[in-house]
Amino acid sequence: MAKRKLNYRFHNPNPVEVTADYILKVMIEANTEKVEKILQENMVQVEVNECESEQSG
């Protein structure tokens with residue numbers, strides 16, 4: 001039996017700008033935790049660097 005290729009089509013009645021804004025909001029929401037974690041790690045690194053520079057100065 002041959003495999004059938006699936007073909008999906010979606011009807012989107014929204015203007016391109018509205019669709020792009022919606023996709024952007026979904027992506028931001030999906031990556032919020034990851035961005036917050038990276039920011040916290042960077043803040044810890046900045047604090048470590050500040051402490052090291054104060055000790056060497």
Side-chain angles (χ1 to χ4, degrees):
M1 178 181 240
K3 288 188 176 181
R4 288 182 74 180
K5 182 179 177 182
L6 296 177
N7 187 6
Y8 294 99
R9 294 182 187 184
F10 296 95
H11 173 69
N12 183 7
N14 297 316
V16 174
E17 294 82 14
V18 173
T19 303
D21 186 52
Y22 178 76
I23 292 171
L24 177 63
K25 287 178 183 178
V26 168
M27 293 176 128
I28 289 171
E29 185 177 329
N31 289 304
T32 299
E33 288 181 27
K34 190 183 295 184
V35 171
E36 287 176 351
K37 180 182 175 193
I38 291 169
L39 289 174
Q40 287 180 350
E41 289 172 355
N42 285 341
M43 287 303 296
V44 168
Q45 187 61 42
V46 166
E47 290 175 359
V48 167
N49 291 343
E50 287 177 353
C51 288
E52 288 176 352
S53 65
E54 287 177 0
Q55 290 176 356
S56 64

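One-based numbering along the sequence shown. Quick note: numbers below take in every heavy atom, side chains included, and nothing from hydrogens, waters or symmetry partners. This one's a predicted model, so the numbers in the text were calculated from it and none came from an experiment.
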Without hydrogens or angle criteria, can the side chains of Asn14 and Thr19 be said to hold a donor-acceptor pair below 3.5 Å? no
Who else is in Ile23's hydrophobic cluster (ILVMFWY, side-chain heavy atoms under 4.5 Å, direct or via others)? Met27
Side chain to side chain contact (heavy atoms under 4.5 Å, CB included) involving Leu24 - partner list, sequence neighbours excluded: Ile28
Members sharing Tyr8's hydrophobic cluster, built from side-chain contacts under 4.5 Å between Ile, Leu, Val, Met, Phe, Trp and Tyr, are Leu6, Phe10
Contacts satisfying salt bridge (charged side-chain N to carboxylate O under 4.0 Å, His left out) that involve residues 1-10 (not counting sequence neighbours) are none
Restricting to pairs with a member in residues 17-33, which pass salt bridge (charged side-chain N to carboxylate O under 4.0 Å, His left out), not counting sequence neighbours? Asp21-Lys25
If you look only at pairs with a residue in residues 36-48, which of them pass as a side-chain hydrogen bond (donor to acceptor under 3.5 Å, both in side chains), with sequence neighbours excluded? Gln45-Asn49
Which hydrophobic side chains are connected to Val35, either touching it within the sub-4.5 Å cutoff or through other members that do? Leu39
